[in-house]
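The next block holds one structure in the form of structure tokens; read it before the comments.
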Amino acid sequence: MDISRTHLIEDLNSSMEGQDVLFGGWVVDLRKLGKMAFLTVRDVTGMCQVIVKGDAMSLLEGLNRQSVVRILGKVQASKAKDFDFEVSAIELQVLAKAEYPLPIDPIGRLESDIDNRLNSRALDMRNQKTASIFKLRSQVLASIRETLIKRKFIEINTPKIIGSASEGGADLFSLDYFGKQAYLAQSPQLYKEQMTIGLERVFEISSFYRAEKSHTGRHLSEFTSVDIEAAMMDYTDVMDVLESIVVDVFKNTAENSKTEQQDIGHEIKIPDSPFERVSYTQALEELGNLDIKLEFGEDLQDSHLRSLGDKHPGFFFLTDWPMKLKPFYIHEKDDDPTLSRSFDLQYGYLELSSGGRRLHDPEQLKSRLKEQNLDPASFEEHLKTFGWGMPPHSGWGMGLDRLMTVLIGIDNVREVTLYPRDPDRLKP
Ligand code: AMO
């Protein structure tokens with residue numbers, strides 16, 4: 001069966017009157033009026049009206065909406081108010097029938113809740129709002145890659161099946177690996193640091209895994225992380241890289257996704273920069289002024305972050321966290337070793353990214369592991385690379401799913417993840 005097409009729907013226009021075109025798509029709407037029928041057909045690029053008359057009418061018998069058709073037709077002027085041209089079908093081929101009724105209404109006339117849409121996720125992609133979210137996600141990924149490659153970062157792929165934890169012991173999914181204990185990577189932390197030895201500036205965009213029993217709009221068991229690591233950069237340098245990535249994402253999508261913004265009903269606004277920088281110590285003061293008293297060294301809980309977020313509603317960096325709250329690989333400050341060269345990027349209360357300068361001295365790293373009750377022996381493979389001329393380096397990891405929720409102004413990562421995994425969802 002020939003399934004080729006000469007045009008995508010976005011290529012068709014009223015100046016092509018009289019021209020024969022061959023295109024395909026799914027039937028969004030179908031109205032029969034006596035001896036003729038009006039079809040609205042969509043492909044991924046657009047929608048057009050098709051007039052069917054004569055012999056082809058018999059093919060429409062029992063044809064449900066959302067079925068896939070291929071049409072050979074002639075472009076002509078249209079009297080319809082929504083279309084300035086239409087296609088008069090010469091031949092119509094039904095390539096795939098859709099069943100009736102479908103589990104969700106992909107036109108979105110009947111609103112389905114998120115669980116029903118996730119259960120029929122592939123069909124949900126015919127909902128233009130959903131499709132636009134994932135078209136935007138693709139633009140965001142392209143923008144991030146463009147910014148990083150311009151800055152001489154090299155894209156890498158690190159293993160997801162690993163023999164020891166990258167972020168310490170908690171929240172690990174374990175699995176049987178030919179009789180040995182293995183884990184799903186929580187982050188590319190150790191590998192990306194190692195790569196600075198020869199590649200200097202690396203990045204990875206990939207799925208990582210956290211066995212957190214969290215039921216929130218911002219936690220997934222499998223999330224997409226954008227990670228960078230760079231030799232000869234301090235934490236403030238990689239904060240600048242992060243800020244330019246975020247600003248570029250907003251600029252590129254604001255300009256190049258007018259249709260998508262219309263479909264999702266949200267206008268993307270470019271954030272002001274530079275982003276505000278608030279130190280942990282300042283944050284404690286600000287909370288103190290709100291009568292929320294915290295001791296130095298206490299972690300900021302969700303409620304504290306919400307209070308800070310009310311004061312700083314957009315993007316801001318929270319910097320210089322106490323060392324005791326940070327993972328073993330983070331470097332202390334020279335002037336005050338109780339503080340770290342580290343940061344989180346917040347959007348209001350929401351943590352989008354965390355990162356910092358890393359320890360690169362093998363002896364310091366070994367003692368830090370012991371201080372944190374981690375066994376240097378299980379980090380042997382990692383530690384040995386630090387004797388091979390490990391440059392000073394810094395980096396960060398950013399949750400792409402969380403960034404997407406900010407970009408499109410919603411508060412559930414499940415909306416921006418194709419097939420989300422959380423403690424209650426393993427299928428489809
Ligand atoms: P961290 O654990 O803070 O740091 O993770 C970095 C960012 O990843 C996102 N994230 C998540 N998103 C959705 N669901 C989750 N369960 C989830 N867990 C984390 C967040 C978070 O800010 N190795 C360090 C980063 C570094 O220092 O380079 C790390 O993994 O947006």
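Bear in mind that the values here come from a model prediction, so they are computed numbers and not experimental data. Whatever order the structure lists them in is the order used to number ligands and atoms, beginning at 1.
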TODO: Starting from atom 11 (C) of ligand 1, locate the nearest protein heavy atom and write down its residue, its atom name and how far away it is, to 0.1 Å.
DONE: Phe223 CD1, 3.6 Å

- [ ] Run the numbers for me: atoms of ligand 1, each under 4.0 Å from some heavy atom of Trp396, listed by number.
- [x] 26 (C), 28 (O)

Task: Top protein contact for atom 22 (O) of ligand 1, by heavy-atom distance - done: Glu351 OE2, 2.5 Å

- [ ] Verify whether the ring centers belonging to Tyr347 and Phe315 lie closer than 6.0 Å.
- [x] yes

Open item on the list: As an exercise, identify every atom of ligand 1 less than 4.0 angstrom from a heavy atom of Ser187.
Closed with: 23 (N), 30 (O)

Open item on the list: Check contact between Tyr329 and ligand 1, using heavy atoms of the residue and a distance below 4.0 angstrom.
Closed with: yes

- [ ] May I ask you to decide whether Arg210 forms a salt bridge with Asp171, counting only side-chain N to carboxylate O separations under 4.0 Å?
- [x] no

- [ ] Could you find the nearest protein heavy atom to atom 27 (O) of ligand 1 and give me its residue, atom name and distance?
- [x] Arg358 NH1, 2.9 Å

TODO: Enumerate the atoms of ligand 1 whose separation from the nearest heavy atom of Leu220 is less than 4.0 angstrom.
DONE: 13 (C), 14 (N), 15 (C), 16 (N)

Task: Check: Phe296 ring centre within less than 6.0 Å of Tyr280 ring centre - done: yes

Task: Side-chain ion pair, Lys129 and Asp263, N-O less than 4.0 Å - done: no

- [ ] Would you check if there is a donor-acceptor pair between the side chains of Asp424 and His215 at a distance under 3.5 Å?
- [x] yes

Task: Proximal atoms of ligand 1 relative to Gly355 (non-hydrogen, under 4.0 Å) - done: 27 (O)

Open item on the list: For Arg357, is there an ion pair with Asp320 - N to carboxylate O distance below 4.0 angstrom?
Closed with: no

Open item on the list: I need the nearest protein heavy-atom contact for atom 20 (C) of ligand 1: residue, atom name and distance, please.
Closed with: Arg402 NH1, 3.5 Å

Task: Region of Ser354 that comes within reach of ligand 1 [heavy atoms, distance under 4.0 Å] - done: both

- [ ] Mind checking whether Glu229 contacts ligand 1 via backbone (N, CA, C, O), side chain (CB onward), both or neither, at a 4.0 Å heavy-atom cut-off?
- [x] neither

Task: Residues Asp113, Arg117: salt bridge by 4.0 Å N-O rule - done: no

Open item on the list: Suppose we call two aromatic rings close when their centres sit under 6.0 Å apart. Are Phe275 and Phe316 close by that rule?
Closed with: no

Task: Residue Ser353 vicinity, atoms of ligand 1 by number, heavy atom under 4.0 Å - done: 22 (O)

Open item on the list: Under a 4.0 angstrom heavy-atom cut-off, which atoms of ligand 1 come close to Gly397?
Closed with: 6 (C), 7 (C), 25 (C), 26 (C), 28 (O)

TODO: Considering only non-hydrogen protein atoms, determine which one is nearest to atom 13 (C) of ligand 1 and report residue, atom name and distance to 0.1 Å.
DONE: Arg218 O, 3.3 Å

Open item on the list: Just to confirm my output: which protein heavy-atom neighbour is closest to atom 30 (O) of ligand 1, and how far is it?
Closed with: Arg210 NH2, 2.9 Å

Task: Test of ring centre spacing under 6.0 Å for Phe386 and His382 - done: yes

Task: Phe328-Phe379 aromatic ring centre distance below 6.0 Å - done: yes

- [ ] Can you pull out the closest protein heavy atom to atom 29 (C) of ligand 1? Residue, atom name and distance to 0.1 Å, please.
- [x] Glu167 OE2, 3.8 Å

Open item on the list: Less than 4.0 angstrom from a charged side-chain N to a carboxylate O is my criterion; do Arg218 and Glu351 meet it?
Closed with: no

- [ ] May I ask whether Gly356 has any heavy atom positioned less than 4.0 angstrom from an atom of ligand 1?
- [x] no

Open item on the list: Looking only at protein heavy atoms, which one is nearest to atom 31 (O) of ligand 1, and what is the separation?
Closed with: Leu352 O, 2.8 Å

TODO: Report yes if some N/O of Gly399 lies less than 3.5 Å from some N/O of ligand 1; otherwise report no.
DONE: yes

Task: Structural part of Lys192 in contact with ligand 1, heavy atom criterion under 4.0 angstrom - done: side chain

Open item on the list: I'd like to know whether CD of Gln262 has more than 12 heavy-atom contacts from other residues, nucleotides or ligands below 6.0 angstrom.
Closed with: no

Task: Salt-bridge contact Glu332-Arg341 (side-chain N to carboxylate O under 4.0 Å) - done: no

Task: For His219, the ligand 1 atoms whose distance to one of its heavy atoms is below 4.0 Å - done: 14 (N), 16 (N)

